[in-house]
Amino acid sequence: MKSRPIYVDNTLQELTNHGTPDFPVSMDNQKLSEPGCSGVRHWHSEIQINLITSGTVIFETPADRYTLKTGEGLFINSGVLHEAMPEQEKDADKTSYICVNFLPTLISGETDHLIFRDYFKPVQDNPAMQSFALRDEPWHIQVLE
């Protein structure tokens, strides 16, 4: 896995393709010392799950600021503005996380399907589900593993 710089347009939408309709998933090892991998405020249509693999990463969203240590993670819903940065800039070379992005249609089907409309869309639109830390709940640990 490689680090992938984050490029954005004038709306802060990330321009990176995170998979394709045939394979709607991407996985990167974001090293915060790499150019374009830290402090880039952006959003994307994909759901994102992060696992901190070394150091301490701060993620900021409009609703919250998360300080996450090695072994912890973060769920970020589709369309949520966010950015990641090392807790201490001097530690950027020792700070990284695995970032898994996937299109909502991977779990919901197409947007005109009942599963998307009745089950996925209410979660996607729920302000309480914009982002949340994955730490020590049993199901959090399963997701992170």
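Because only heavy atoms are used, hydrogens play no part in the values below, and waters and symmetry mates are left out as well, while side chains stay in.
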Does a side-chain heavy-atom distance below 4.5 Å link F132 with L134? yes

May I ask you to test the K121-S108 pair for a side-chain heavy-atom distance under 4.5 Å?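 No, their side chains stay 4.5 Å or more apart.
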
Is S131 reaching over with its side chain to a backbone N or O of F75, donor-acceptor style, under 3.5 angstrom? no

Using atom types as modelled and distance alone, determine if a side-chain donor or acceptor of S96 lies under 3.5 Å from a backbone N or O of Q30. no

Would you say V25 and I107 are hydrophobically clustered, going by side-chain heavy atoms of ILVMFWY under 4.5 Å?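 Yes: a chain of side-chain contacts under 4.5 Å links V25 to I107.
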
Straight-line distance of K31 NZ to T53 OG1, nearest 0.5 Å: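 It is 9.0 Å, given to the nearest 0.5 Å.
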
Mind checking what makes side-chain contact (heavy atoms from CB on, under 4.5 Å) contact with E72, not counting sequence neighbours? L68, K69, R135

Donor-acceptor pair, distance only, cut-off 3.5 Å: does the side chain of Q130 make one with the backbone of N77? no

Please determine whether residues F120 and V143 belong to a single hydrophobic cluster, defined as Ile, Leu, Val, Met, Phe, Trp and Tyr linked transitively by side-chain heavy-atom distances below 4.5 Å. yes

Test item: N126 side-chain N/O and A128 main-chain N/O as donor-acceptor pair under 3.5 Å: yes

Can you name the nearest heavy-atom pair linking P122 to D118, along with the distance?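 The pair with the smallest heavy-atom distance is CG-O, 3.6 Å.
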
So do the side chains of P5 and P35 get within less than 4.5 Å of each other, counting heavy atoms only?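 In short, these two side chains do not touch, never coming nearer than 4.5 Å.
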
The side-chain contact (heavy atoms from CB on, under 4.5 Å) partners of E60 (sequence neighbours excluded) come to R41, I58, R65, E83, M85

Scanning both residues in full, the closest heavy-atom pair of I52 with G55 reads CG2-O, 3.5 Å

Output all residues satisfying ring pair (Phe, Tyr, Trp, His ring centres under 6.0 Å) with F102, sequence neighbours left out; order by chain, then residue number. none

The reported gap from CG in L74 to CD1 in I49 (rounded to nearest 0.5 angstrom) is 9.5 Å

Can you tell if the side chain of E87 reaches within under 4.5 Å of the side chain of T67, non-hydrogen atoms only? yes

Using the side-chain contact (heavy atoms from CB on, under 4.5 Å) criterion, which residues pair with V8? Sequence neighbours excluded.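 Residues passing side-chain contact (heavy atoms from CB on, under 4.5 Å) with V8: I6, L12, V40, H42.
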
So which heavy atom on V57 is nearest to which on A84, and how close?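 Result for this residue pair: CG1-CB, 4.0 Å.
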
CA sep, side-chain torsions, deciding dist, call: T56, D91, side-chain contact (heavy atoms from CB on, under 4.5 Å): CA-CA 9 Å; T56 301; D91 296 330; over 6 Å; no

Cluster check I115, L106: I/L/V/M/F/W/Y, side chain < 4.5 angstrom: no

Run the side-chain contact (heavy atoms from CB on, under 4.5 Å) test on R4 and S26 for me, step by step, so that the C-alpha distance in whole Å, both residues' side-chain angles and the decisive distance to 0.1 Å come before the verdict. CA-CA 11 Å; R4 188 187 320 221; S26 70; 3.8 Å; yes

Step by step, would you call S78 with Q124 a side chain to side chain donor-acceptor pair (under 3.5 Å)? CA-CA 7 Å; S78 171; Q124 183 181 28; 3.1 Å; yes

From CD1 (I76) to CD (Q48), nearest 0.5 Å: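 Going from the CD1 atom of I76 to the CD atom of Q48 covers 4.5 Å.
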
Where the side chain of H113 meets the backbone of T111, is there a donor-acceptor pair that is under 3.5 Å apart?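 Not confirmed, H113 side chain does not pair with T111 backbone.
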
Could you measure the distance from the CG atom of N29 to the OH atom of Y97? Nearest 0.5 Å is fine.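 Separation between the atoms: 10.0 Å.
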
Co-membership, hydrophobic cluster, residues W139 and M129, 4.5 Å side-chain: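 They do share one cluster, since a chain of ILVMFWY contacts under 4.5 Å joins W139 to M129.
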
Quick check: does any side chain N or O of T61 sit under 3.5 Å from a backbone N or O of L81, one acting as donor and the other as acceptor? no

Could you tell me which non-hydrogen atom of A92 sits nearest to which non-hydrogen atom of P86, and how far apart they are? CB-CG, 3.8 Å

Counting N and O atoms only, with roles assigned by atom type, does the side chain of W43 sit under 3.5 Å from a partner on the main chain of T11, one being a donor and the other an acceptor? yes

Tell me, please, which residues at least two apart from Y66 pass ring pair (Phe, Tyr, Trp, His ring centres under 6.0 Å). none

Side chains of T70 and S54 only: does a donor on one sit below 3.5 Å from an acceptor on the other?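 The answer is no; no qualifying pair exists.
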
What pairs meet the ring pair (Phe, Tyr, Trp, His ring centres under 6.0 Å) rule with one or both residues in residues 11-36, with sequence neighbours excluded?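 Sorted pair list: H18-H44.
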
Are side-chain heavy atoms of N50 and F59 found at a separation under 4.5 Å? yes

How long is the span from the NZ atom in K90 to the OG1 atom in T95, to the nearest 0.5 Å?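 Going from the NZ atom of K90 to the OG1 atom of T95 covers 9.5 Å.
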
To the nearest 0.5 Å, what is the distance between CD (E89) and CG (L32)?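 Here the interatomic distance stands at 8.5 Å.
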
Do I47 and Y119 land in one hydrophobic cluster if side-chain heavy atoms of ILVMFWY residues count as linked below 4.5 Å?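 No: no chain of side-chain contacts under 4.5 Å links I47 to Y119.
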
